Structure formats: structure tokens, C-alpha cells
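Below is one structure; the comments refer to it alone.
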Protein chains: 2
Amino acid sequence: MGRRNISQIRRAEYAAAAYRTLMKHGLQGTSLSRVAEEAGASKANVLHYYQSKEALLSAALRYANAVLCKEAIILLREAKTPWERIYAVLETNLSPTSFRTDVAHAWISLCAGVPHITSYQRIQTVIYARMRSNLIGPLRSLLPEQDANLMSDVLTTAVDGLWLRCGLSLDGLSQDAARDQLDAVLDARLPASEDRQRARDRMIDVSRIMASMSNNRS
Amino acid sequence: MGRRNISQIRRAEYAAAAYRTLMKHGLQGTSLSRVAEEAGASKANVLHYYQSKEALLSAALRYANAVLCKEAIILLREAKTPWERIYAVLETNLSPTSFRTDVAHAWISLCAGVPHITSYQRIQTVIYARMRSNLIGPLRSLLPEQDANLMSDVLTTAVDGLWLRCGLSLDGLSQDAARDQLDAVLDARLPASEDRQRARDRMIDVSRIMASMSNNRS
DNA sequence: TTATAAATAAACCATTTGGTCAATTTACGA
DNA sequence: TCGTAAATTGACCAAATGGTTTATTTATAA
């Protein structure tokens with residue numbers, strides 16, 4: 001049993017360690033030795049499971065993305081109406097698991113590397129594509145196509161900006177403040193309605209419940 | 001005349017070279033040797049005018065900020081009404097001098113460094129404070145205080161997000177697309193009006209004229 | 001023209017980087 | 001119990017990093 005198994009386990013361990021290091025020390029401060037230290041292993045062994053530093057960091061970022069993705073899927077499964085789907089996507093990005101200073105640091109580090117490291121570009125592309133495809137459906141059912149496209153872009157931009165700020169502010173950015181901003185952005189094309197308000201409340205609630213569940217499990 | 005003068009000249013030269021290097025190679029790829037090469041000088045001499053790499057890069061970013069700041073001042077001087085002032089601020093951030101892939105790269109690099117390098121934090125703080133103070137005045141004269149504060153935050157966030165995307169997209173992000181997004185954000189609290197439309201058109205025009213002027217000069 | 005101080009750069013240094021390799025430990029199958 | 005293949009690591013390497021020191025050029029003031 002210990003043949004292929006241990007390989008997968010180690011790869012996951014080291015990817016997670018790399019991600020933690022990325023959060024703490026940024027791209028600059030994330031060296032192989034530091035990741036190895038974080039994982040409690042030798043540098044040589046880390047490099048035994050990943051051919052290069054770039055491969056390791058790519059894995060780290062895919063890992064982080066997978067976490068976010070899983071959360072999105074769960075929330076979206078609970079969403080029944082278009083409005084609920086929209087808020088599911090937004091709440092995913094504001095969830096206490098993700099919307100944190102250290103997590104934002106890691107992502108900004110990724111962004112800084114994108115222009116120079118091709119494998120990072122692919123990851124970014126995937127992330128954007130997923131967010132867009134999750135938003136565009138429900139938006140189309142509430143708006144004419146052109147406005148739906150515009151709102152999808154504007155919301156994505158806003159989420160990016162919020163994460164950036166979350167990473168930069170010393171004290172981070174409160175979840176509530178971020179939520180208010182996104183709601184304001186929605187107002188641009190979508191008037192307040194009872195449907196919307198109810199969907200918002202429900203998805204916030206679902207997100208809260210999910211957060212408390214994963215807290216208990218850890 | 002060549003006493004204190006040359007010192008100032010060299011410092012400016014090297015800061016500009018550092019900024020150029022930052023745009024091309026990111027924070028990771030910006031080493032003292034590379035900056036020296038870009039400046040056509042020796043590494044030792046660069047370090048003669050800046051005590052450390054960190055000091056050099058801080059100067060580079062202050063230099064970049066000064067460029068943006070100068071443009072903002074010129075545009076704001078032309079702005080007479082609240083709406084014109086708002087669009088002056090926004091157009092500054094979309095100006096062809098600034099809203100470019102390589103420039104965005106440099107700023108993202110700065111952002112990635114902020115959590116770990118204290119002098120970068122100060123620069124970021126200054127930039128945010130200036131933008132906010134430029135926006136909050138005209139917004140207050142069009143909106144109740146609470147909404148003005150919110151819109152100031154939302155606009156800042158949107159600009160951040162747009163720059164991020166501009167830096168990440170292979171092909172960059174077109175000025176027009178970015179402008180559409182910002183206009184949509186404005187719609188959230190401020191209805192379309194003749195005043196607004198006129199102000200928008202005028203500031204776009206002023207910005208265009210400015211750009212063509214600085215093109216001729218170079 | 002010469003003395004002097006600033007500007008510049010070549011050589012050097014300690015440290016760290018990503019990465020290799022050969023040796024050793026571990027653990028499972030027969 | 002033993003042999004073998006995988007897991008793990010310490011030692012090592014060349015390259016690059018930020019930074020220092022020392023020597024040399026340059027230019028100015030007297």
C-alpha cells in the first residue's frame with residue numbers, strides 16, 4: 001500500500017507547506033529551504049517530489065485554488081435562484097476561509113509572478129474563467145446580454161480590488177465592508193428587490209453555517 | 001555647479017532605471033546588477049547614491065508615483081465642476097501614460113512587497129490617501145456623506161482591480177473597456193445626467209490633449 | 001598647474017539561491 | 001529473516017545576490 005500512496009501524500013504535504021510559506025513570506029521570501037523547513041523535511045526531498053521550484057509553487061497555487069473552488073461548489077449547490085447563484089459566487093470570495101490578509105498575500109504574490117512565469121498564467125486564466133462562467137449565467141437571466149457581460153466584468157474587477165486591498169491594509173479589510181462595496185456595485189444595473197434581499201440573506205447564512213462547520217472539523 | 005547637482009541627477013537617473021527594470025522584470029528579477037546595467041553604470045556607483053536596494057526601489061516607486069501625481073494635478077486644474085473633478089481623477093488612472101501593462105507590472109510588484117517591506121507601505125498609504133482626498137470632495141457635493149464615502153471606496157477598489165487586470169492580461173486591458181466599467185460603477189449611486197455626460201466628455205478630451213502634448217515633447 | 005574632493009568602477013566577500021548526487025535509512029514482499 | 005526498491009538526506013555545486021573596500025579617474029578651486 002505504501003508505494004504510490006506516499007508519493008501523493010508527500011506532494012500534497014509539500015504543496016500545502018509551500019502555500020503556507022507563500023502566505024507568510026511572499027514570493028520573494030519563499031525559498032526551497034524555507035518550504036522544506038515549514039514541511040519539516042529536507043530540501044532534497046521536496047525537490048524529489050517536485051522537479052523544480054516553479055512546479056512546487058504552481059502546485060501550491062493550484063491547491064489554494066482548489067480550496068476556493070470546493071467552497072464555491074458547495075455554496076452553488078445550495079443556490080436555487082439566479083440571485084442566489086450570484087451571491088453564492090460573491091460570498092465564496094468573502095468567506096472567512098479565503099478573505100484574509102495572509103491568503104490575499106499569497107494571491108498577490110502569484111499575480112506578481114504571472115508576467116514572468118508561464119505556469120502561473122494558466123492558473124490565473126482558469127480562475128478568471130471559472131468566476132466568469134459562474135456569474136454570467138444568472139446575470140443573463142436578470143439582464144440583457146450586454147449588461148450581463150458588463151456586470152460580470154465589473155464584479156470580477158471589484159473582487160480583485162477588494163482582495164488587493166485586503167492584502168495591503170495592515171488590519172485587512174472587514175468582510176462587511178467588502179460586502180457593502182459589492183452590493184453597491186450590483187446596484188449599478190440591478191435594482192433592489194425582495195428577491196435579491198432574500199437571496200442575499202440566505203447565502204450569507206449558508207456561508208456562515210459552512211464556515212462554522214469547517215471550524216468544528218479542524 | 002557640479003557638486004550637489006550631480007548627486008541629484010544620478011539619484012534621479014538610477015531611480016528611473018530601477019523603475020524601468022521593475023516594469024520589465026518584476027520585483028524578483030530586479031537586482032542591483034540589472035538596474036546598474038539598465039542605467040549604464042556600475043553596481044557600486046548605484047549603491048553609492050542609494051544606501052541599499054530597498055532605498056533604491058522605494059525611490060523608483062516614489063518616482064513613478066510622482067509622474068502619476070503630476071498628471072492628476074494638471075487634470076484637476078482643468079476641472080471646474082464636481083463631476084469634472086471626479087472624471088479627472090478617474091481619467092488620470094486610465095491615461096495612456098499610466099494604464100499600461102508594463103506600468104501595472106511595476107505596481108503589482110510593489111503591492112507584493114508591501115507586506116514585507118515597510119517603506120513600501122508608506123508609499124501605498126500616500127497613494128490611497130491622495131486618491132481618496134481627491135474623490136471625496138466632489139462626491140460629497142453630489143451625495144449624502146455616507147454614500148460619498150462608499151462610492152469613494154468602491155471607485156478606488158475598481159481602479160485597483162482594473163490595474164491588476166491590466167497587468168495580468170497578456171494583451172492588457174483596453175482603456176475604453178476600463179472606462180466603461182468605471183462608468184457602470186458610478187451608475188450605482190449617481191444617475192446619468194447631462195452635467196455628468198458633459199463633464200465626462202470634456203475630461204476625456206483634456207486627457208487626450210495632454211497625452212498628445214507629452215508625446216510631442218518626447 | 002597642482003591639490004583636493006567627489007565620482008566611478010573593479011575586485012572582492014559572505015550568504016543564499018535552485019538544483020544534483022551519492023549515500024543511507026526505511027519498510028514492504030517473499 | 002532477508003533482499004530490494006523506495007524514501008530520505010547530508011554534502012556539495014555553480015551562479016547570483018546585496019553589499020564593502022580599495023583603487024582610479026574626473027573635475028574643480030586655488
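The shown structure was predicted, so the numbers you read here are calculated from the model rather than taken from an experiment. Order of the sequence lines fixes the chain letters, A, B, ..., with proteins taken first and strands second; residue numbering starts at 1 for each chain.
Taking every side-chain heavy atom of B:Ser33 into account, D:dT17 is the closest of C:dA9, D:dG19, D:dT17. Distances were taken from every side-chain heavy atom of B:Arg10 (C-beta onward) to each of C:dT8, D:dT17, C:dC21; the shortest belongs to C:dT8. Of the candidates D:dG19, C:dA9, C:dG19, D:dG19 carries the atom nearest the B:Leu32 side chain, counting heavy atoms from C-beta on. Checking D:dA7, D:dT9, D:dT20 against the side-chain heavy atoms of A:Ser7 singles out D:dA7 as nearest. Picking from C:dT8, D:dA7, D:dT17 the nucleotide with the shortest atom distance to the side chain of B:Ser31 gives D:dT17. The side chain of A:Asn45 lies closest to D:dT8 when the candidates are C:dT20, C:dT8, D:dT8.
A donor-acceptor pair under 3.5 Å is absent between the side-chain atoms of B:His25 and the main chain of B:Thr30, judged by distance alone.
Taking the side chain as every heavy atom from C-beta outward, A:Gln175 and A:Glu91 approach each other to under 4.5 Å. Between A:Leu164 and A:Trp107 the shortest side-chain heavy-atom distance does not fall below 4.5 Å.
For the residue pair B:Arg130 and B:Asn65, a side-chain donor N or O sits within less than 3.5 Å of a side-chain acceptor on the partner.
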(message) Please evaluate residues B:Glu37 and B:Arg34 with respect to the criterion side chain to side chain contact (heavy atoms under 4.5 Å, CB included), reporting the C-alpha separation (whole Å), side-chain torsions for both, the decisive distance (0.1 Å), and the verdict.
(response) CA-CA 5 Å; B:Glu37 190 190 13; B:Arg34 232 196 293 239; 4.0 Å; yes
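One interatomic measurement links the two molecules: CG of B:Leu56 to C1' of D:dG19, which rounds to 13 Å at whole-angstrom precision. Taking atom CD of residue A:Gln51 and atom P of nucleotide C:dT20, one finds them 10 Å apart after rounding to whole Å. We find that NE2 of B:His48 is positioned 16 Å from C1' of C:dA10, with the value rounded to whole Å. Regarding A:Ile6, its CD1 atom lies at a distance of 13 Å from the C1' atom of C:dT25, rounded to whole Å. One interatomic measurement links the two molecules: CD1 of B:Ile117 to C1' of D:dG18, which rounds to 13 Å at whole-angstrom precision. Between the C1' atom of C:dA7 and the CD atom of B:Gln8 lies a distance of 16 Å, rounded to the nearest Å. The CG-P distance, from B:Leu47 to C:dA9, rounds to 13 Å in whole Å. The distance between atom OH of A:Tyr49 and atom C1' of D:dT9, rounded to the nearest whole Å, is 12 Å.
Side-chain N/O atoms of B:Lys53 and base N/O atoms of D:dG19 include no donor-acceptor pair closer than 3.5 Å.
Judged by closest nucleotide on DNA chain C, B:Gly40 is the one of B:Gly40 and A:Gln28 placed further toward the 5' end. Across the interface with DNA chain C, nearest-nucleotide mapping of B:Lys43 and B:Tyr14 shows B:Tyr14 to be the residue nearer the 5′ end.
For C:dG18, neither phosphate oxygen OP1 nor OP2 lies less than 4.0 angstrom from any side-chain nitrogen or oxygen of A:Ser52.
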